[in-house]
Every structure is written in C-alpha cells, then in structure tokens.
Amino acid sequence: MGTWGAIVTATSDEHQKHRVVIIGSGFGGLFAAQALRREPVEVTVVAKTTHHLFQPLLYQVATGILSEGEIAPTTREVLRRQENVKVELGEVVSIDLATKSVTSNLLGRTDVQHYDSLIVAAGAGQSYFGNDHFAEHAPGMKSIDDALELRGRIFGAFEVAETTPDPADAARYMTFVVVGAGPTGVEMAGQIAELSHRTLRQDFRRIDTTKARIILLDAAPSVLGTFGEKLAAKATSKLEKLGVEIQLGARVVNVDSRGIDVEDSDGTRRRIESVCKIWAAGVAASPLGKQLAEQSGAVLDRAGRIQVQPDLTLPGHPEVFVVGDMATLDRLPGVAQVAIQGGKYAAKTISTRLRGGPPMRNFEYKDKGSMATISRFSAVASIKGVQLSGFVAWLMWLAVHLVYIIGFKHRVTTLLHWTVSFIGRGRSERTVTTQQIFARSALQRLGEGFMPTLPDDWASRGPSAATRPAGQPGAVPKARKAPAGNPAPGAESAHLGPDGAASGSASTGTA
C-alpha cells in the first residue's frame, strides 16, 4: 500500500483530480467507466473503435438477423451523461509503466495520455494457432468488420451458386464450414442451417438451398465441451436435426480459396471443397499484454494473457489493472461476465483507495452460468449446476441478452428483429455489398503504408479540407500509391471466378 500512497500524494493537487485511463470500450472498459461516474476522478476511455460491441450477438449480424447498430451503440452516446468521462478514438500502440503514460495513434497522429490509475481492457482477437494466413480465406468473428464480411460471404455464396451452371461449382459455394465447436461456432452453424433450410428456401429458382451443407468441425472430441456431457449431447442432437454435419477430432491443416484440408485423429488427411469458411476457434489476447509483461515481469500464457495478481493488478504496479480477456487468474473463462465483474472491481478498488478505505478483498468471480443458442426456440444453459435445454433455456437466453444490450431503443429494435426472424421467416438485414466482402483483402494488399497522414492543423482547416482537390491548400493528402502488383481499390474491379478468387468486373459474391 506504500506505493499507492505515494501515487495519491503525487496527484492530489487541488487543481487536478485523479486521472484514470481506460484502454478499450468493451465490457470491461465500459462497465469500469460507468462504475466511476460519481467519483472525483477524470476518466479517459481510449479505444480503436467508436462503439461498444456486444460481441455475443455478433453472429446474428453475420446471418442477417440484426443490424450492426443494434449491438454496437456508440461509446460517446452511452457515456454522454457522465461528465467526468471523455472518449478518445485511437489505437493504443504503447504503454510506459515508468512514465505512467499511454500512447495512441490515429491517422498518423500520436496522442499521449498520462494516468494515475490504468485499467487495461483491450480484449482479444482471433487466434489461428500460428497459421495467420488462414484468415485470408476464413474470417474470424471478433469485430463488426468481420460480421459484415461474413454476411456478404454467406448470402453471396447462394447468389453465386444460383448463377453457376456447373453443379460441382454450385456445391462448393453451397458448402459452409464452421471451424470451432464452442458457443460461437455452434450458434453460427445453427443459424446458417436455419437460413438455408427455412429463410431462403423459396427465394431461388435454380438452386435448392435446403441442400446446402453446413459442416461444424473441431479438433476437440465434443461439441460445447465446457458445458458438460449432457448438454453437449443435446446440442449435438439438435444440430444434427437441423442438418449440420458435425466432424470432431478434425484438425485444420490448410485453408485456401476453394476449400479446407483437415487431418482426422487417425492421421488421415482429406479435403472439403468449400468457398465460405468461418473461423470460430481460439482467441489471442491483445499484443499490449506482451508490453506489460516485459515491463513488469508478469508471466504470459500461451494465448498471450497476463498472469495478474489476485486483485487484478500487475506485479509491482498496484496502479495498473488488467481485466477481461487480457488477464488470466484461477482459470477464469473468457466470457463477458468476467470482464464486467473485473471492470467493476477495478473501479471500486480505485474508489476505495482514494477514500483511504481498507484494502479490498481479492477478486472473486461469481459464475452466472453459460448459455448458447442453437436455433430458434432451442438453446442450452448451465446455471449454478442446473442444466437446461430446449425452449426454456432459449427463453432464458433471450431475457439475459436483452438485459445486457445497452440502451432502451436498442432493446426494443432488437426484440422486433427477433420477432420477425424467429416467429416469421424473414431476416431484415440481408443487404450486402462488394465493399463488405473485399475491403479487408484489398487493404491487406495495399499494406500498412496506404493510410494518409493528416496535417497537424487539419482540424482547423474546416470541413471542406477533405473535399478540396489534391494539391490545393488545405486538401487532405491522397493515399500513398500501392506497390506494383497491389492495385488500390477501384484500380480494378472484382468478380468471383469458380475458385472464389477476385478478378474481372464488379460483383457481389464471396471470396
């Protein structure tokens, strides 16, 4: 506690409140900021997106049930009434524990925030287990960009199959492979099955969408392994009734534009011809964890998560808290509730310290259970030893998710969309664009150097700066020219050939 006392003394000037910097606007960061609403502190939330993402419903954006706005309200809107909070857009590139500073970058402009207390809740990204090149052909499910790209790939696959005269090519487009049999993979596979067997079955003339293959594969021996054998068996049975092919003990060894290669538990290798693949297996903590570990001596696990102290702080740095998917402690699961409770705990600890109260007890996670929806009216839930499945579990899933969606208007619109999708057959978010499907790969081809760097006085030049012709005073610089062989967007339009590669004229499809 001596170190903390020195920190408070150094920042207790009557003209300056205690500065709390929060990295990330996910569950941990947002709930930490809200928990500090009545405290005499200055809170700065730094995040690389302008929204708070309700990640558990991301798969519903990808399958056309919900719009992105319903699960991702803007962070500024959520915190607009909290006067002691300011929100900064920028990607945090470094944390300096010695100078107690956080450096972020936005369009080439660097910003530095100094803190007295730091809450790191930067979350996790998709892990391809050392095979990052798989991402080109099998997007993950960690961001709005991912969900919109997958929406385009899924709906686009049916569109291209409808125009493909070769039955073998059509079958490739109508084969969907979901890698990972955890909650996200199960929910995605179930929704694609409902989409093809129920929503789209009367929309096409040449193809029969009910004959689409949905394959759920995992190297693990069971579906939803953390839910227990009983619920895993029920989930497996329901998925199979929906027409999902479950392939367990299958390890992915290669992914390309035309298909996926797997190795079974007996060492046999085989290939699945498929254009649309979804990666829902594995997570990797934010790379900021490595920086913190190097500076503090903390240990990282295989997923890049930091081994934190029992009070969620870094060793030797009681002013720095790490919460959510970035932290590992007592084998806590990587679920939203861990992040929420961790963020609240960190905020309460800061408040208690500022008031000179007794030390907080170590962080204790209160397990509120696990849930996964399989299809409309069917889910599995494990809550405090009670295992439920079917319609009752689905109702509980519905209620819990409505409670945690931020904002009354988002709850209302989400409920309306669910009514349309679950009671009727429609899905209101079926619009897809070529941009959604190809933007990520186009940006990767351009490389990191494509992004324009704004002049320091850009903001003072007025709103017309971005629209002035290049070369005139005040104009925003053009993007740097892409290297040879890497055309910029628009230099050539995209079309899907039989192998799913882009070339030719513009078309909506799947890559």
Side-chain angles (χ1 to χ4, degrees), residues 59 62-64 134 136-139 147-179 185 188-217 239-247 250 252 254-262 269-280 375 425-427 429-438 440-441 493-511:
Y59 74 97
T63 53
F134 288 179
E136 179 181 356
H137 305 293
L148 292 178
E149 179 178 352
L150 284 171
R151 182 196 293 174
R153 285 173 176 252
I154 293 167
F155 285 98
F158 290 106
E159 295 293 341
V160 178
E162 174 78 355
T163 64
T164 301
D166 186 344
D169 284 338
R172 185 184 297 117
Y173 282 108
M174 290 179 60
T175 298
F176 302 86
V177 179
V178 180
V179 181
M188 176 61 82
Q191 283 305 316
I192 297 176
E194 287 216 329
L195 188 67
S196 58
H197 297 162
R198 186 167 177 270
T199 303
L200 302 177
R201 66 180 184 180
Q202 296 179 352
D203 290 7
F204 294 88
R205 298 296 176 262
R206 175 179 290 177
I207 61 173
D208 181 357
T209 63
T210 64
K211 293 182 179 179
R213 291 183 68 196
I214 299 94
I215 301 172
L216 177 65
L217 62 84
L239 285 168
E240 289 176 341
K241 288 179 180 178
L242 288 171
V244 177
E245 300 176 31
I246 300 174
Q247 302 181 10
V252 177
N254 190 42
V255 181
D256 57 41
S257 63
R258 298 173 66 91
I260 184 167
D261 297 316
V262 299
R269 291 200 176 192
R270 56 191 170 85
R271 181 170 176 80
I272 302 172
E273 295 291 333
S274 168
V275 173
C276 187
K277 287 84 64 179
I278 299 110
W279 194 274
S375 64
R425 282 204 311 243
R427 303 213 171 183
E429 300 296 328
R430 288 173 53 176
T431 302
V432 298
T433 67
T434 304
Q435 177 177 319
Q436 290 173 353
I437 304 166
F438 296 110
R440 178 175 60 97
S441 57
S493 51
H495 176 70
L496 287 171
D499 62 350
S503 66
S505 60
S507 171
T508 299
T510 179

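- Rounding to the nearest 0.5 Å gives a distance of 11.5 Å between CZ of Arg151 and CZ of Arg430.
- Here the side chains of Gln191 and Arg427 are in contact, with some heavy-atom distance below 4.5 Å.
- When all heavy atoms of Ala161 and Met174 are compared, the pair lying nearest together is CB-CG, 3.7 Å.
- Atoms CD1 and CD1, from Ile215 and Ile246 in turn, are 11.5 Å apart once rounded to the nearest 0.5 Å.
- Between the side chain of His197 and the main chain of Leu242, a donor-acceptor pair closer than 3.5 Å is present.
- Rounded to the nearest 0.5 Å, atoms CZ (Arg201) and NZ (Lys211) are 14.5 Å apart.
- For the atom pair CG (Leu148) and OG1 (Thr433), the distance works out to 8.0 Å, reported to the nearest 0.5 Å.
- The side-chain heavy atoms of Ile214 and Ser196, taken from C-beta on, include a pair separated by under 4.5 Å.
- Take Arg271 and apply the side chain to side chain contact (heavy atoms under 4.5 Å, CB included) test, not counting sequence neighbours, and it matches Asp256, Arg258, Asp261, Glu273.
- Side-chain contact between Arg172 and Thr175 is absent, with no heavy-atom pair separated by less than 4.5 Å.
- The minimum heavy-atom distance between Ala250 and Arg270, with the atom names listed, is CB-NH2, 4.0 Å.
- Of the listed residues (Ile154, Leu216, Val244), just one forms a side chain to side chain contact (heavy atoms under 4.5 Å, CB included) with Ile192, and that residue is Ile154.
- Looking at heavy atoms from C-beta onward, Phe134 lies in side-chain contact with Asn254 at the 4.5 angstrom threshold.
- Contact between Arg153 and Val275 at its shortest, heavy atoms only, is NH1-O, 4.5 Å.
- Taking both residues in full, the closest heavy atoms of Phe155 and Ala62 are given as CE1-O, 4.4 Å, listed atom of the first, atom of the second, then distance.
- Side-chain atoms of Asp208 and Thr210 include a donor-acceptor pair closer than 3.5 Å.
- A donor-acceptor pair is defined here as one N or O able to donate and one able to accept, closer than 3.5 Å; no such pair exists between the side chain of Gln247 and the backbone of Leu217.
- Counting only distance, with no hydrogens or angles, the side chain of Ser375 and the backbone of Gly190 share no donor-acceptor pair below 3.5 Å.
- Going from atom OH of Tyr173 over to atom OG1 of Thr163 covers 8.0 Å, rounded to the nearest 0.5 Å.
- Under the salt bridge (charged side-chain N to carboxylate O under 4.0 Å, His left out) criterion, Arg213 pairs with Glu245, not counting sequence neighbours.
- Of all the heavy atoms in Ile207 and Phe204, the pair that sits closest is CG1-CB, 3.7 Å.
- Two residues are said to be in side-chain contact when any heavy atoms from C-beta on lie closer than 4.5 Å; Gln436 and Thr431 fail this criterion.
- Taking all atoms of both residues into account, the shortest heavy-atom contact from Val252 to Val179 is CG2-CG1, 3.8 Å.
- Thr164 contributes no side-chain N or O that, together with a main-chain N or O of Asp166, makes up a donor-acceptor pair within less than 3.5 Å.
- A donor-acceptor contact shorter than 3.5 Å is absent between the side chain of Glu194 and the backbone of Thr199.
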